[in-house]
Amino acid sequence: MTAQDFIPKTYKSTIKNGKVTWESPSNIALVKYWGKKENQIPANPSISFTLNHCKTITELSYTKRETSNSFSFEVFLEGKKKDDFKPKIEIFFERVIVYMPFLKDFHFKIETSNTFPHSSGIASSASGMSALALCLMSIEKQLKPEMTDEYFNQKASFLARLGSGSACRSIEGDLIVWGESHAISGSSNLFGTKYPYQVHENFKEYQDTILLVDKGQKQVSSTVGHNLMHEHPYAENRFQQAHDNLEKLKPILESGDLNKFIALIESEALTLHAMMLTSMPYFILMKPNTLEIINKIWQFREDTGLHVGFTLDAGANVHVLYPKKEAKVILDFIKNELVAYCQNEQYICDQIGFGAKIINN
Ligand code: DP6
């Protein structure tokens, strides 16, 4: 597939007004995307667990309009008008109009809500942009009813990527690869693809408890952080490391070796933050409590031999990852020893999920 393949020829059907709702999950990267080229092409491949409970629900109402030389839309978050979301969506529309030529023919009302706090470091851009891309695909599906499910998902992921890179990994589950890797057959820079190899039972229903260390707005956005990789002294080594780690993950996922899994994902998380520490200008997104939690996890693992590990996104929150079969003891540990380090003791219990769902059509 090339980007050209997503440019539609003429549509056979026409539509006037309607409404569509999708819920789309967040995802947590195991091998991280950090650094990109033009047109939202990732500098290295990444792989993520799709989440199950952390999601965005987006209802898109569309009304045919007469004049059509600009985009016409309004955005609501939890029922409140959100004009500050509009520039990001305007940029998204600009990037995708060539693939969705009907965009200027409608007025859109975008009503969205999250099951988690916005800007908490949980990737709301991933669930939000993927939900919006899926709603737009549902409109295109009406214009082109012969579209296959495979094309629908691929193009939804392709569009979501143009909104926010990691969003392309939120359409399906449970393990999604994005970015070309010679180790992963079918992998693409243009959209996310399902991890195509055998995955051990140990990773089924894998748990992710998200500790909300700091729910405030991030000081440096991911987009700015990605751009700082352009002049970064360690960029090339980091990109190569991500390729190598994805390759190393294959036998780990197949054999179910949890110790090696934990070593790989923790190293990825700390390397991501090391890239931030060594950018110019440099920045720190971890908070003191992020480090307290990491040290507690390491101590608990040493004391008990249980398979609890962590990963971090571009923020202070900690994703505590562990297998379902050890969930009871580890969740007790989280509640007794880690939750105290969270802002207002807030945390979210999630687990690996299977992708977005349409709510109505
Ligand atoms: C640290 O996808 O939020 O979560 O493409 O600029 O919207 P943009 O960036 P974004 O970056 C996510 C980075 C990350 C790692 C990852 O999810 O792979």
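These numbers were taken from a predicted model, which means no experiment stands behind them. Just follow the structure's listing: the first ligand is 1, and inside any ligand the first atom is 1.
Under a 4.5 Å side-chain heavy-atom criterion applied to ILVMFWY residues, the cluster that includes Trp178 comprises Tyr33 as well.
The residue from His226, Glu268, Met276, Lys88 that puts a heavy atom closest to atom 9 (O) of ligand 1 is His226.
Within the 4.0 Å heavy-atom cutoff, Arg161 does not count among the residues contacting ligand 1. Remark: distances from the non-hydrogen atoms of Lys36 to ligand 1 include one below 4.0 Å.
Proximity of Ile28 to ligand 1, defined as any heavy-atom pair under 4.0 Å, is not found for any part of the residue. With a 4.0 Å cut-off on non-hydrogen atoms, Ala29 touches ligand 1 through its side chain and not its backbone. Heavy atoms from both the backbone and the side chain of Ser166 come within less than 4.0 Å of ligand 1.
Looking at ligand 1, you'll find an N or O of Asp313 within less than 3.5 Å of one of its N or O atoms. The N/O atoms of Thr223, backbone and side chain alike, include one that comes under 3.5 Å of an N/O atom in ligand 1.
If you number the atoms of ligand 1 from 1 as listed, the ones under 4.0 Å from a heavy atom of Gly165 come out as 2 (O), 5 (O), 7 (O), 8 (P). When each atom of ligand 1 is checked for a heavy atom of Ser125 under 4.0 Å away, the hits are 3 (O). Below 4.0 Å from some heavy atom of Ala314 lie the following atoms of ligand 1, by number and element: 1 (C). Close contacts between ligand 1 and Arg169 involve ligand atoms 16 (C), 17 (O), 18 (O) [criterion: under 4.0 Å to a heavy atom].
For Ala327, the side-chain contact (heavy atoms from CB on, under 4.5 Å) partners are Gln207, Tyr322, not counting sequence neighbours.
Within a 6.0 Å radius of OH in Tyr234, other residues, nucleotides and ligands contribute 12 heavy atoms or fewer.
A tilted orientation is assigned to the rings of Trp34 and His226, their planes being inclined by 30° to 60°.
Defined by atom type and a distance below 3.5 Å, a donor-acceptor pair is present between the side-chain atoms of Lys32 and Thr311. Counted by atom type alone, Thr112 and Thr58 present one or more donor-acceptor pairs between their side chains at under 3.5 Å. No donor-acceptor contact under 3.5 angstrom links the side chains of Thr50 and Asn27, judged on distance only.
Proximity of Pro101 to Pro8: side-chain heavy atoms (C-beta onward) are separated by under 4.5 Å at one or more points.
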